[in-house]
Novice: 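Before I ask anything, let me first share the structure, which is written out below as structure tokens.
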Amino acid sequence: MRWSQSFIPTLREAPADAEVASHILLVRAGYIRQLAAGLYSYLPLAWRSLLKIQAIVRQEMDTIGQEFQLPALHPAELWQASGRWELMGGNLFRLKDRWQRDLCLGMTEEEVMAAIAARELRSYKQLPQIWYQIQPKFRDEPRPRSGLLRVREFIMKDAYSFDVDEAGLDVSYQKHDRVYRRIFERCGLRYVAVEAHSGAMGGSQSQEFVVLGEAGEDMVALCQACGYAANLEKASAVPAPFADPDTAAQPERFPTPNARTIAELAAFTGEPAARLAKSLVYIVGDKPVLVLLRGDDEASEAKLGTAFGGAEFRPAHPEEILAATGAPPGSVGPVQLATPVRVLADQSLRGRRNLTVGGNQEGFHIRHVTPGLHFQPEWVDVREVRGGDACPKCGQPLQVSQAVEIGHIFKLGRKYSQGLGVRVLDAAGQEIVPIMGSYGIGIERILTAAIEQNHDANGFWLPKAIAPFEVVITPTNLADPAVAALAQQLYNDLRAQGRDVLLDDREERPGVKFKDADLIGIPARITVGKKAAAGVVEVVDRAHRQTIEVSTADVPTALAEMPE
RNA sequence: CGGGACGUAGCGCAGCCCGGUAGCGCACUUGCUUGGGGUGCAAGGGGUCGCGAGUUCAAAUCUCGCCGUCCCGACCA
């Protein structure tokens with residue numbers, strides 16, 4: 001491609017409404033333009049890259065499954081059958097047709113795939129099936145943000161497996177695990193596979209693929225020593241042990257005026273926050289539940305969901321707390337409750353003694369309270385892991401890091417196959433409901449994550465496999481016939497070798513061309529300049545900013561030897 | 001949905017507090033110049049000041065309403 005005839009609208013300055021690196025650079029490099037909040041047009045450079053990413057995904061997915069093309073518009077009945085019409089709330093884009101029939105724009109394709117399976121699959125002999133598609137998906141995000149990282153329309157590869165039983169699902173799940181790793185490796189990403197929360201959809205096993213980086217919205221816990229990695233929604237850890245004072249003192253109520261928060265209580269009593277127990281009250285279904293945590297810990301919403309058995313829950317309102325416990329928020333505790341309330345305690349409190357807890361009376365707390373002795377909680381894991389906690393596998397300290405989710409695989413179960421009536425006969429002639437898996441990859445997020453991990457002050461560089469062009473040829477002075485001719489010859493030669501080449505044939509000063517070449521993500525540059533008459537050019541490695549001089553005949557070798 | 005900020009030429013901004021009919025840099029056009037990290041000179045083109053209403057002789061500027069965009073939080077199978 002000739003630059004002079006291309007549409008590559010680069011910007012010298014960062015757009016005012018962009019903050020994260022990938023967003024700023026995608027706009028500056030002429031990859032994307034915003035159409036509305038969370039909606040972006042992909043200009044030619046972005047689309048070339050996204051097509052390459054999709055080609056890799058398609059090629060790898062074809063080794064285990066078959067591609068479909070499905071409608072983006074779905075009838076409401078389908079989503080009502082799965083229960084997601086109500087469940088998804090405002091996140092689902094809804095619309096009506098001219099007959100006032102309800103429709104929605106698909107956020108994923110479980111329903112459509114399951115509907116096809118329900119109509120067509122009859123025998124266990126047709127299983128397993130792995131079906132996938134790569135298409136735009138829609139989510140009416142409450143807050144689109146960070147450029148391409150959180151948008152309302154995006155391209156997702158999602159795949160669904162149908163198996164006779166759990167053992168078959170294991171196999172389908174493992175196939176996806178392998179294929180995903182190949183995809184992300186081929187895309188040149190430095191990624192981590194982390195254990196993930198399987199969500200409220202009744203999944204059993206789940207793994208996320210993430211790229212570490214500050215732009216990410218996920219938090220993951222990592223162990224450098226043994227490789228344990230988990231999303232914070234799922235991660236468990238052993239909190240730093242805490243030695244409680246050894247005393248035979250009995251529980252004792254004492255006044256704590258104006259000490260409502262853990263920080264205030266710690267200041268008032270002179271005890272560290274770890275010696276205090278934090279009591280949170282949730283309404284689970286329609287009943288209050290008290291959850292006890294170490295004072296310096298936070299509750300994980302996702303883990304609470306698991307602890308509550310998937311029931312709907314929300315933090316209790318102050319008046320509900322008062323009615324259930326006898327005290328307003330800030331003085332609530334697990335003993336001497338006004339009404340019988342189910343009490344859960346995080347397992348980090350197991351074995352702890354003589355803690356200080358709320359007194360269920362405004363302005364009072366109780367000290368010398370020992371779990372298991374003075375109250376009998378149900379033990380659960382609901383605390384959010386913190387950096388420095390001990391790894392649950394090997395005991396070494398965990399690191400907590402932000403991450404961008406690029407893929408997610410998980411065992412779905414039978415929710416959709418059941419809800420949409422997928423049934424086949426097994427070998428014994430019995431009707432069974434196949435079990436499903438669900439596997440997603442965010443196509444734009446691969447591009448975005450690659451930029452997040454490969455950028456500097458001048459721009460970014462993409463791995464060769466997903467860059468819009470492998471190499472850009474930069475003639476420094478087209479008025480020099482030797483330079484112009486050599487650049488043209490190199491362009492022809494490299495294209496004849498089947499490479500994606502961009503020739504910067506614009507009448508611009510060298511400085512402008514160098515700046516643009518650095519900006520737009522192409523991993524290699526060939527500068528044709530002063531030594532053109534001698535047939536010598538420079539091959540520049542964008543990532544490492546290293547330049548070598550070679551004769552034109554050696555250019556292919558130099559490109560091949562460039563570290564990825 | 002709660003909190004905050006912003007909206008003036010394609011982009012980045014000033015002007016608004018203190019009302020008098022819009023300016024800077026970049027980009028763009030033409031000519032000359034320059035030619036290894038966003039050359040220099042000269043001459044140009046381009047703006048319903050987000051939208052609507054109000055106050056006023058007069059509104060980018062003051063008042064009210066609406067819309068849009070971004071950030072923090074909530075949310076995110």
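Throughout, protein chains are lettered first and strands after them, A, B, ... in sequence-line order, and every chain is numbered starting at 1. Keep in mind the model is a prediction, meaning the values are calculated, not measured.
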Novice: Applying side-chain contact (heavy atoms from CB on, under 4.5 Å), can you list everything that pairs with A:L39, at least two apart in sequence or on another chain?
Specialist: A:L35, A:A36, A:R152, A:E153
Novice: How about CD on A:E217, more than 12 heavy atoms from neighbouring residues, nucleotides or ligands closer than 6.0 Å, or not?
Specialist: yes
Novice: Tell me, please, which residues at least two apart from A:K175 pass side-chain hydrogen bond (donor to acceptor under 3.5 Å, both in side chains).
Specialist: none
Novice: What is the distance, to the nearest angstrom, from the CZ atom on A:R145 to the P atom on B:A74?
Specialist: 9 Å
Novice: Base, sugar-phosphate, or nothing for A:K530, non-hydrogen atoms under 4.0 angstrom?
Specialist: base
Novice: Any N or O donor-acceptor pair linking the side chain of A:D518 to the base of B:G37 at under 3.5 Å?
Specialist: yes
Novice: Would A:K137 and A:F154 count as a cation-pi pair here, with the cationic atom under 6.0 angstrom from the ring centre and within 45° of the axis?
Specialist: no
Novice: Under the salt bridge (Lys or Arg N to Asp or Glu O under 4.0 Å) rule, what pairs show up with a residue in residues 2-26 of chain A, not counting sequence neighbours?
Specialist: A:R2-A:D505
Novice: Would you state whether a donor and an acceptor, one from the side chain of A:R525 and one from the base of B:G37, lie under 3.5 Å apart?
Specialist: yes
Novice: Between protein and nucleic acid, restricted to nucleotides 11-13 of chain B and to nitrogen or oxygen atoms under 3.5 Å apart, what atom pairs and distances do you find?
Specialist:
residue, atom, partner, partner atom, Å
B:G12, OP1, A:A16, N, 2.9
B:G12, O2', A:E13, OE2, 3.2

Novice: Could you work out the separation of B:G73 and B:C28 based on their C1' atoms and round it to a whole Å?
Specialist: 43 Å
Novice: Crowded around A:K303 NZ? As in, over 12 foreign heavy atoms under 6.0 Å?
Specialist: yes
Novice: Starting at the 5' end of RNA chain B, which residue's closest nucleotide do you reach first, A:V528 or A:E110?
Specialist: A:V528
Novice: Rounding to an integer number of angstrom, what distance separates B:U8 and B:G47 when you compare their C1' atoms?
Specialist: 8 Å
Novice: Among residues two or more places apart or on two chains, list those pairs meeting side-chain hydrogen bond (donor to acceptor under 3.5 Å, both in side chains) that have a residue in residues 534-545 of chain A.
Specialist: A:D456-A:R542, A:D518-A:R545, A:D541-A:H544
Novice: Can you tabulate the close N/O pairs, meaning under 3.5 Å, that link protein atoms to atoms of nucleotides 28-34 of chain B?
Specialist:
residue, atom, partner, partner atom, Å
B:U34, O2', A:R509, NH1, 3.1
B:U34, O2, A:R509, NH1, 2.6

Novice: Between A:R143 and B:C71, does any side-chain N or O lie under 4.0 Å from OP1 or OP2?
Specialist: yes
Novice: Between B:C24 and B:G15, how many Å separate the two C1' atoms, rounded to a whole number?
Specialist: 10 Å
Novice: Remember a base hit wins even if backbone is also touched, and classify A:E233 as base, sugar-phosphate or nothing at under 4.0 Å, heavy atoms.
Specialist: nothing
Novice: Taking B:C66 as the reference, what is the distance to B:C72 when you measure between their P atoms (whole Å, please)?
Specialist: 25 Å
Novice: Between B:G10 and B:G54, how far is it from one C1' atom to the other, in whole Å?
Specialist: 34 Å
Novice: Assign A:R314 to base, sugar-phosphate, or nothing according to its heavy-atom contacts below 4.0 angstrom with the strands shown.
Specialist: nothing
Novice: In whole Å, what separates the P atom of B:C57 from that of B:G50?
Specialist: 25 Å
Novice: Should A:R383 and A:S236 be marked as a side chain to side chain donor-acceptor pair (under 3.5 Å) after you check the CA-CA gap, both sets of side-chain angles, and the distance that decides it?
Specialist: CA-CA 8 Å; A:R383 72 181 284 277; A:S236 59; over 6 Å; no
Novice: Considering only the P atoms, how many Å lie between B:C26 and B:G40, rounded to the nearest integer?
Specialist: 8 Å
Novice: Please confirm whether the ring centroid of A:F460 lies under 6.0 Å from the ring centroid of A:Y31.
Specialist: yes
Novice: Check every strand shown and say whether A:S206 touches a base, only sugar-phosphate, or nothing at a heavy-atom separation below 4.0 Å.
Specialist: nothing
Novice: Mind checking whether A:F410 and A:H408 have parallel, tilted or perpendicular rings, split at 30° and 60°?
Specialist: tilted
Novice: Who does B:U34 pair with, Watson-Crick or G-U, both distances under 3.5 Å?
Specialist: none
Novice: Using atom C1' in both nucleotides, what's the gap between B:C41 and B:G37 to the nearest angstrom?
Specialist: 22 Å
Novice: For B:G68, take OP1 and OP2 only and decide whether either is under 4.0 Å from a side-chain N or O of A:Q34.
Specialist: no
